[in-house]
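Reckoned from all heavy atoms, side chains included, excluding hydrogens, waters and symmetry mates. In what follows, every chain begins at residue 1, and chains take the letters A, B, ... in the order their sequences are listed.
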Amino acid sequence: MSEQNSESTYYVMTSIPYVNGRPHIGFALEAVQGDVLVRHHRLKGEKSRYLSGSDENALTVVQAAEVQGAELEEMVAANAEAFRAIQIPLDVRYDDFIRTSTDPRHFPGAQKLWRKMDAAGDIYKRHYQGNYCIKCERFYREEELVDGTCPIHGTAPEAVDEENYFFALSKYQDKLIELIESNTLLVQPEHRREEMLSFIRGGLEDISISRQALRGKGWGVPVPDDPDQVMYVWVDALSNYITALDYAEDQSDLYDTYWKGDGQRVHVVGKDIIRFHVVFWPAFLMSAGEPLPTIVNVHEFLMSDGEKMSKSRGNVVDPLALVELYGVDALRYWFIREMPRNGDGNFSHDRLIGRYNQDLANDLGNLVNRSVGMLHRYRGGVVPSVPADRASALKALAETVPARMDAALDAFDFREAVAAAWEIVTRANKFVDDEKPWEIAKAAKAGDTDADARLDVVLADLIEAIRIVAVVLSPVMPSGSGRIAAQLGFGLEDGDAAARDWSDALAGRELPAAAPVFPRIEVEE
RNA sequence: GGGCCUGUAGCUCAGCGGUAGAGCACGGGGCUCAUAACCCCUUGGUCGCAGGUUCGAUCCCUGCCGGGCCUACCA
């Protein structure tokens, strides 16, 4: 499975959203999933990088600016900033954020990719006419239109009659099948892999990859040597994953390290754009003779109280509002714990609150609170010094957790990863009830020296178990884990894989007074 | 219209040839270190509907119903 060492690299990329609106909860999910992955691999000591960005060259953006009566560049900049800025409230940490309309790295990189595809003989010109829906960024056949309008947007499509460039996608059908079947390009979860395979087997046709520059007032990446054409948005958008690595340069350390190395190159995308990432993008790269991504992980969508989220229904959930209401840990934990592998997730405030109160406040938070509380009551707040190699049920369990989390996250099973960590929490709470430290303390006070020694072990075990939980959960809840760490008098660090192992690192440390780490969310009836 | 996915306890989800599991919620009991938290036990399902294959199906096949994603162009 994963025998990564400190030399292997891990490059995670979110899809880059259109900038004609504000961040949606679905994108927050994606950003958090990616963040959990990078933080986890970084914790293990792998050289990791996390990229996000904004897709700014689409016609929809031009149109949105017109509708809003806004200056195009200003609107784009403002919205891009909104997406970049979600890092703060969501505890997400990008290493890089690329804007496709303004970043100097992007245009030349996208054009370099185009030239290479062209040099491979995969780009050709073709004349056609059709009905183009700007909002959908695609053409419709006559019979697909509803009363002459776009079936999705209900607006009249633009009659387009022009000559565009096409990409010889059909050439790559067999190679793509081979890549996916062999898991050289791993598509997760499994059913998405099957879906893509059957789609490709159904036959691939060449695709249009440019449009006339005039249609978008010149907005977009110009096709090399043909200023009348700009790149179809997906060619331009997908290339961001490498243009951000200075692909345009003749020599780039970033590109060599993260795209040419034998590490992982991981896309985290929604189910609506699998095809672009699993079919088009790898085909473009093969054509250009560049390495391919190694993994495409697909997440599903979020429903709101059982209904599809949509602006017209007015049930769109704002992720930042949730952070303000419930805190970032509640939201991040909910994404990871409740989002199913197959099928859409269903968001509701009640479920988020319930999950937070039960798991974070009652189970984990209370475990920390009662353990630290007893440490103060019986040992003056100082962690007892007992050998780390003592036999312990908690230790035995805790030692299995890192490997289980690694395996679960390698398979993008976030829930399973958290479940593994949670076994320590559950077991530790039971441990307290079984051991009854308050009774041991009474016996010790009565002069029982064995009891005194036993109390040291029980308390030390609890503190150590909690320390490990804080460490392994830190990729999921950086803030919450940080607060637990502070409560235990230590700091979280990247690249410290050994921190996940049972030790006596905290022995002798004096801890601050117990204070709730995850206060309950009180709901008014 | 076509392709693919999906429908399992009140809720959120696992399981996917040998007649069902977890967590939460509900009910009962225990404990007191703790954020009225924690621990134990119980209750609870004709596994969307109807056929079929099989010694045997929640798990395979067909159809239907409900939900979802896609539908790439000289169709």
Side-chain angles (χ1 to χ4, degrees), chain A residues 126-132 136-144 151-152 160-164 166-167 169-170 189-192 194-209 232 234 270-276 279-280 298 300-301 303 306-308 334 337-348 350-352 354-355 357-378 413 415-416 419 422 425-441 455 458-459 462 514-522:
Chain A
R126 184 199 269 178
H127 177 88
Y128 73 95
Q129 49 193 357
N131 300 297
Y132 187 83
C136 298
E137 290 283 349
R138 58 161 291 210
F139 288 90
Y140 281 98
R141 292 182 287 260
E142 283 298 334
E143 64 268 27
E144 288 180 313
I152 294 171
V160 172
D161 183 349
E162 62 184 39
E163 196 169 40
N164 288 338
F166 276 71
F167 172 72
L169 181 65
S170 53
E190 179 72 16
H191 75 271
R192 293 297 173 192
E194 299 305 325
E195 182 179 339
M196 281 302 99
L197 279 171
S198 65
F199 166 70
I200 298 167
R201 289 195 186 105
L204 296 177
E205 293 175 21
D206 295 352
I207 54 171
S208 166
I209 54 170
Y232 173 56
W234 277 102
K271 65 178 173 182
D272 54 330
I273 52 174
I274 316 177
R275 182 166 305 171
F276 300 102
V279 181
F280 296 1
V298 182
E300 310 271 324
F301 288 175
M303 311 268 280
E307 287 194 321
K308 191 171 170 175
W334 188 83
R337 177 63 182 75
E338 290 253 323
M339 200 58 197
R341 271 165 84 54
N342 297 350
D344 290 339
N346 194 3
F347 175 84
S348 82
D350 285 349
R351 272 195 270 276
L352 184 144
R355 205 82 236 179
N357 278 343
Q358 186 55 48
D359 291 3
L360 297 184
N362 293 356
D363 285 351
L364 176 55
N366 185 52
L367 171 67
V368 175
N369 196 237
R370 69 198 302 209
S371 300
V372 175
M374 286 189 286
L375 189 71
H376 275 90
R377 178 180 293 234
Y378 305 129
D413 192 343
R415 305 165 63 113
E416 178 57 29
W422 227 262
V425 176
T426 304
R427 188 75 176 74
N429 271 320
K430 183 171 164 49
F431 179 72
V432 174
D433 273 48
D434 289 346
E435 296 293 338
K436 300 181 175 56
W438 49 94
E439 288 187 4
I440 304 179
L455 190 53
V458 169
L459 293 173
L462 278 172
V517 176
F518 298 108
R520 282 182 66 86
I521 297 171
E522 302 299 340

_Spacing of the C1' atoms in A22(B) and G44(B) (rounded, Å)_ = 14 Å
*Looking at C4(B), C39(B), G23(B), which one has an atom nearest to any side-chain atom of N429(A)?*
C39(B)
_Regarding E205(A), tell me which of base, sugar-phosphate or nothing describes its non-hydrogen contacts under 4.0 Å with the strands shown._
base
*Nearest listed nucleotide, side chain of K430(A), among A14(B), C5(B), C40(B)*: C40(B)
*asked:* Could you tell me how far A25(B) sits from C61(B) if I compare only their P atoms? Round to whole Å.
replied: 38 Å
*asked:* Work out how far the C1' atom of G48(B) is from that of U6(B), and round it to whole angstrom.
replied: 11 Å
*For G202(A), report the nucleic acid contact type (base, sugar-phosphate, nothing); a contact means any heavy atom under 4.0 Å.*
nothing
*Nearest-nucleotide pick for R275(A), side chain only, options being U35(B), U71(B), U12(B)*: U71(B)
*What distance, rounded to whole Å, do you find between the two P atoms, one in C33(B) and one in G28(B)?*
25 Å
*Roughly how far apart, to the nearest Å, are G52(B) and A57(B) at atom P?*
11 Å
*Would you mind classifying the nucleic acid contact of D206(A) as base, sugar-phosphate or nothing, using non-hydrogen atoms under 4.0 angstrom?*
sugar-phosphate
*asked:* What contact category does V517(A) fall into here, base, sugar-phosphate, or nothing, at under 4.0 angstrom with non-hydrogen atoms?
replied: base
*Rounded to whole angstrom, note down the C1' distance from A20(B) over to A34(B).*
37 Å
_Under 4.0 Å, counting only non-hydrogen atoms across every strand here, what does D359(A) touch: a base, just sugar-phosphate, or nothing?_
nothing
*If you look at every strand shown and take non-hydrogen atoms under 4.0 Å, does D272(A) touch a base, only sugar-phosphate, or nothing?*
sugar-phosphate
*Anything below 3.5 Å on both distances counts as a pair; with that, list the stems of at least three consecutive Watson-Crick or G-U pairs involving RNA chain B.*
B:1-7 with B:65-71, B:10-13 with B:21-24, B:27-30 with B:38-41, B:48-52 with B:60-64
*Does OP1 or OP2 of A37(B) have a side-chain N or O of Q358(A) closer than 4.0 Å?*
no
_Is the phosphate of A37(B) approached by R520(A) (side-chain N or O, under 4.0 Å from OP1 or OP2)?_
yes
*Taking atom P in both C41(B) and G23(B), compute the distance separating them and give it to the nearest angstrom.*
10 Å
*Quote, to the nearest angstrom, the P distance that separates C26(B) from C38(B).*
12 Å
*Give the rounded distance in Å between these two atoms: CG of L352(A) and C1' of C24(B).*
14 Å
*Considering just the side-chain nitrogens and oxygens of R377(A), establish if one lies under 4.0 Å of OP1 or OP2 belonging to A34(B).*
yes
*asked:* Any base atoms under 4.0 Å from P340(A), or only sugar-phosphate, or nothing? Heavy atoms, all strands.
replied: sugar-phosphate
